[in-house]
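Please read these numbers as outputs of a predicted model, since none were measured by experiment. In the text below, chain A, chain B and the rest are named by the order of the sequence lines, each starting its count at 1.
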2 protein chains.
Amino acid sequence: MRSSQLDLVFSALADPTRRGMLERLAEGETNVGTLAAPHDMSQPAVSKHLRVLERAGLIQRTRHGREHRIRVDPRPIEAASTWIEHYTRFWKQQFDAVDAYLEARAKQTHPPQRSKERRKR
Amino acid sequence: MRSSQLDLVFSALADPTRRGMLERLAEGETNVGTLAAPHDMSQPAVSKHLRVLERAGLIQRTRHGREHRIRVDPRPIEAASTWIEHYTRFWKQQFDAVDAYLEARAKQTHPPQRSKERRKR
DNA sequence: GCTACGCATAACTACGAGGTTATATGATGG
DNA sequence: CCATCATATAACCTCGTAGTTATGCGTAGC
């Protein structure tokens, strides 16, 4: 049941409705109604999406009279961003190496069948 | 039911087992067994996780005899990365502005109760 | 003060995700 | 050949998610 912060952030971002809300919030803080307007769904559904974003720490809410002002907190996303950026470096390296290998092999007239059979590790 | 590429990538990243596999794949391509080893779960469970990664386009598979070599394809992640980086710019701007405002207000001896009451928009 | 507004919560449905065990499939090696 | 290995697939269970309608609750405004 334990979900790490990264889990919560990534799964919050995995829904187009919630990404839409975050995109809207890039324009500035608003109330729930404004956030809900573009999305064709019931008000409680919107409320649930906001709770997901809130549990991931992606938004902050300030009650202001009867309306709730919502604003983005970009900090949890940076954890996600950092994770991606970190590993992307290695992945690209990996990917490019394989890419180069495949390209090189394609150039040979008789591609060796078993050349990859014995690899280190 | 339609899930965009971004949905698939983000939700694939939302699971620690799958992130663990991608982290392992940063070291180099391997077979399924090696990928499964560190994770305490049944082999079919691992197989399912790989399918999720595959559907998101994050890994590629080459059958090589009876084993499947798995390697990362970093390209779909870049879409996710781009989305994050794009909006992070605006969010930070937003966040920092609110932050500065709150700090400024905190400095006043008599924080005005209704100063935020009438805001543009 | 009453009504309407802005939102949350409750209770329900439908479905997918993540796990299991059991079984199938195809390649390897003695 | 036959047993075994590497992996996938099937069938099932459980739980969380995304949606619904109905209802509650505090604030605004006339």
Problem - S42(A) side chain near dT20(D) phosphate (N/O to OP1/OP2, under 4.0 Å) - result: yes
Problem - Under 3.5 Å side-chain donor-acceptor pair for W83(B) and E23(A) - result: yes
Practice task
State which residues pass side chain to side chain donor-acceptor pair (under 3.5 Å) with E78(A); sequence neighbours excluded, sorted by chain then number.
Solution key: K92(B)
Handout entry: Separation of dA28(D) P from N31(A) CG (nearest whole Å)
Key = 14 Å
Handout entry: Atom pair distance, as rounded to whole Å: CG in D40(B) and P in dG19(C)
Key = 11 Å
Handout entry: Nucleic acid contacts of residues 43-56 of chain B, taken as heavy-atom distances under 4.0 Å to DNA chain C
Key = P44(B), A45(B), K48(B), H49(B)
Exercise for the section: Calculate the interatomic distance between H68(B) atom NE2 and dG26(C) atom P; express it in whole Å. Expected result: 11 Å
Handout entry: Spacing between R63(A) atom CZ and dT9(C) atom C1', to the nearest angstrom
Key = 12 Å
Practice task
Look at R18(A) and dA18(D) and indicate whether a side-chain polar atom (N or O) is within less than 4.0 Å of OP1 or OP2.
Solution key: yes
Problem - Between P of dA17(C) and CZ of F10(B), the distance in whole Å - result: 17 Å
Practice task
Quick one: which residue pairs count as a salt bridge (Lys or Arg N to Asp or Glu O under 4.0 Å) with a foot in residues 48-58 of chain A, not counting sequence neighbours?
Solution key: E54(A)-R61(A)
Handout entry: CZ on R24(A) to OG1 on T34(A), rounded to 0.5 Å
Key = 6.0 Å
Handout entry: H39(A) NE2 to dG19(D) C1', straight-line distance once rounded to whole Å
Key = 15 Å
Handout entry: dG29(C) phosphate, OP1 or OP2, under 4.0 Å from R66(B) side-chain N/O
Key = no
Handout entry: Residues forming a side-chain contact (heavy atoms from CB on, under 4.5 Å) with H86(A), sequence neighbours excluded
Key = F90(A)
Handout entry: side chain to side chain donor-acceptor pair (under 3.5 Å) against S11(B), all qualifying residues, sequence neighbours excluded
Key = none
Handout entry: Residue list, side chain to side chain donor-acceptor pair (under 3.5 Å) with S81(B), at least two apart or on another chain
Key = E85(A)
Problem - Nearest-angstrom distance from the residue atom CE of M21(B) to C1' of dG18(C) - result: 12 Å
Practice task
Would you kindly give the CG-to-C1' distance between D15(B) and dG19(C), to the nearest whole Å?
Solution key: 11 Å
